[in-house]
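To keep things clear, I will list the structure first and then write my remarks on it.
Worth saying up front: this structure is predicted, and the values here are computed from it rather than measured. Whatever order the structure lists ligands and atoms in, that order sets their numbers, starting from 1.
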Amino acid sequence: MTRPSRIAVLASGRGSNLQCLLDAISAGQLDAGIVGVFSDRPAAAALEKVPGELRWARSPRDYADRDAFDLALGDAVAASQPDWIVCAGYMRILGGGFVSRFQGQLINIHPSLLPRYKGLHTHARALEAGEFEHGASVHFVVPELDAGNVIAQARVPVLAGDTPETLAARVLEVEHPLLLATTRLLVAGRVAECGAQVHFDGQPLLGPLLLDSAGQLVRAEAVSTPR
Ligand code: GRF
């Protein structure tokens, strides 16, 4: 018998991705427990989703510099003894010290089809560029922003008349099943970072897994893309 995986979540905002993981755990769809929610914004709604003893929130303004904040955050995360650390709407850049401390255990969900649109305002930038397609990516975290190995992606169409808000809502709908499906693979030991590569079921992953219409992650070559 293996024990449920211990997942720490870093979040700065509303926490809908965290809620998706909590719901899946309650429904028996994810063999894991949330061992802590960590935030750089003490008012973040995400914190309210777990009991008080699982919350850690500090303002970076109370620390001398990024390294000091990251060290305190890292010590708190480490004390929760996580197997996996999921950045789910964590809006503060993690320094190299934090990232290397948890290398291979640290993933992030980002609202674009990486490597396109790293950073902020992804939906507005995709619309400005006239993209026909947009989406979300889950990737391992490296010190360079949104640049780590991509594990999995979900795509949505850009529709005529879309605004950044309508497009963001369509992307968020696929973020939840994408994050859940990716986390399920991680806790099952089916996905791991091996050196510079991601391995899936023991084989190198040559491109991101894609979320299909049934909410399953499949190798890209198994998905037919409309032309
Ligand atoms: C999501 O769009 C996520 O991709 C981005 O921030 C948003 C967080 O949403 N990094 P929530 O806090 O999980 O609702």
Side-chain angles (χ1 to χ4, degrees), residues 7-26 29-30 32 34 36-50 54-57 60 73 77 84-95 98-99 102 106-127 131 133-158 162-184 186 208-211 215 217:
I7 298 177
V9 173
L10 272 54
S12 305
R14 85 199 131 179
S16 69
N17 280 286
L18 165 63
Q19 186 65 54
C20 166
L21 296 181
L22 288 164
D23 290 346
I25 291 167
S26 301
Q29 294 164 352
L30 177 63
I34 301 298
V37 174
F38 301 85
S39 188
D40 59 328
R41 296 197 187 152
L47 292 161
E48 306 292 324
K49 298 184 181 295
V50 292
L54 296 186
R55 299 176 196 159
W56 184 95
L73 173 67
V77 169
W84 299 102
I85 302 154
V86 177
C87 299
Y90 186 68
M91 301 308 288
R92 188 178 159 79
I93 291 175
L94 292 164
F98 185 97
V99 171
F102 299 106
L106 183 59
I107 64 164
N108 178 48
I109 183 158
H110 180 76
S112 80
L113 296 172
L114 291 171
R116 279 177 272 169
Y117 310 113
K118 296 173 181 174
L120 297 175
H121 311 302
T122 60
H123 310 299
R125 288 158 60 208
L127 287 175
E131 300 282 3
E133 189 176 61
H134 190 44
S137 306
V138 177
H139 63 94
F140 283 107
V141 177
V142 294
E144 194 189 332
L145 184 66
D146 299 327
N149 280 319
V150 179
I151 305 166
Q153 292 183 325
R155 299 173 174 171
V156 299
V158 175
D162 261 339
T163 63
E165 292 73 29
T166 60
L167 185 54
R170 193 174 311 117
V171 170
L172 191 66
E173 268 178 39
V174 295
E175 283 186 37
H176 297 158
L178 176 68
L179 182 63
L180 175 58
T182 309
T183 307
R184 282 168 55 103
L186 289 169
L209 297 167
L210 292 181
L211 191 75
L217 288 174

Salt-bridge contact Arg116-Glu131 (side-chain N to carboxylate O under 4.0 Å): yes

Plane angle bin for His110 and His139 - parallel if under 30°, tilted between 30 and 60°, otherwise perpendicular: perpendicular

Residue and atom name of the nearest protein heavy atom (relative to atom 11 (P) of ligand 1), distance in Å to one decimal: Ser16 N, 3.4 Å

Protein residue, atom and distance nearest to atom 9 (O) of ligand 1, heavy-atom basis: Arg14 NH2, 3.2 Å

Closest approach of any protein heavy atom to atom 3 (C) of ligand 1, naming residue and atom: Glu175 OE1, 3.2 Å

More than 12 heavy atoms from other groups under 6.0 Å of CD on Gln29: yes

Stepwise side-chain hydrogen bond (donor to acceptor under 3.5 Å, both in side chains) test for His134 and His123: CA-CA 8 Å; His134 190 44; His123 310 299; 2.9 Å; yes

Distance from atom 8 (C) of ligand 1 to nearest protein heavy atom, with residue and atom: Gly89 CA, 3.5 Å

Element-labelled atoms of ligand 1 that are located less than 4.0 Å from some non-hydrogen atom of Pro111: 4 (O), 5 (C), 10 (N)

From NE2 (His176) to CG (Leu172), nearest 0.5 Å: 4.0 Å

N/O separation below 3.5 Å, His110 to ligand 1: no

Residue and atom name of the nearest protein heavy atom (relative to atom 10 (N) of ligand 1), distance in Å to one decimal: Ile109 O, 3.4 Å

Interatomic spacing from CG in Asn149 to CD1 in Ile107 - rounded to 0.5 Å: 13.0 Å

Within-shell test, Gly15 vs ligand 1, heavy atom, strictly < 4.0 Å: yes

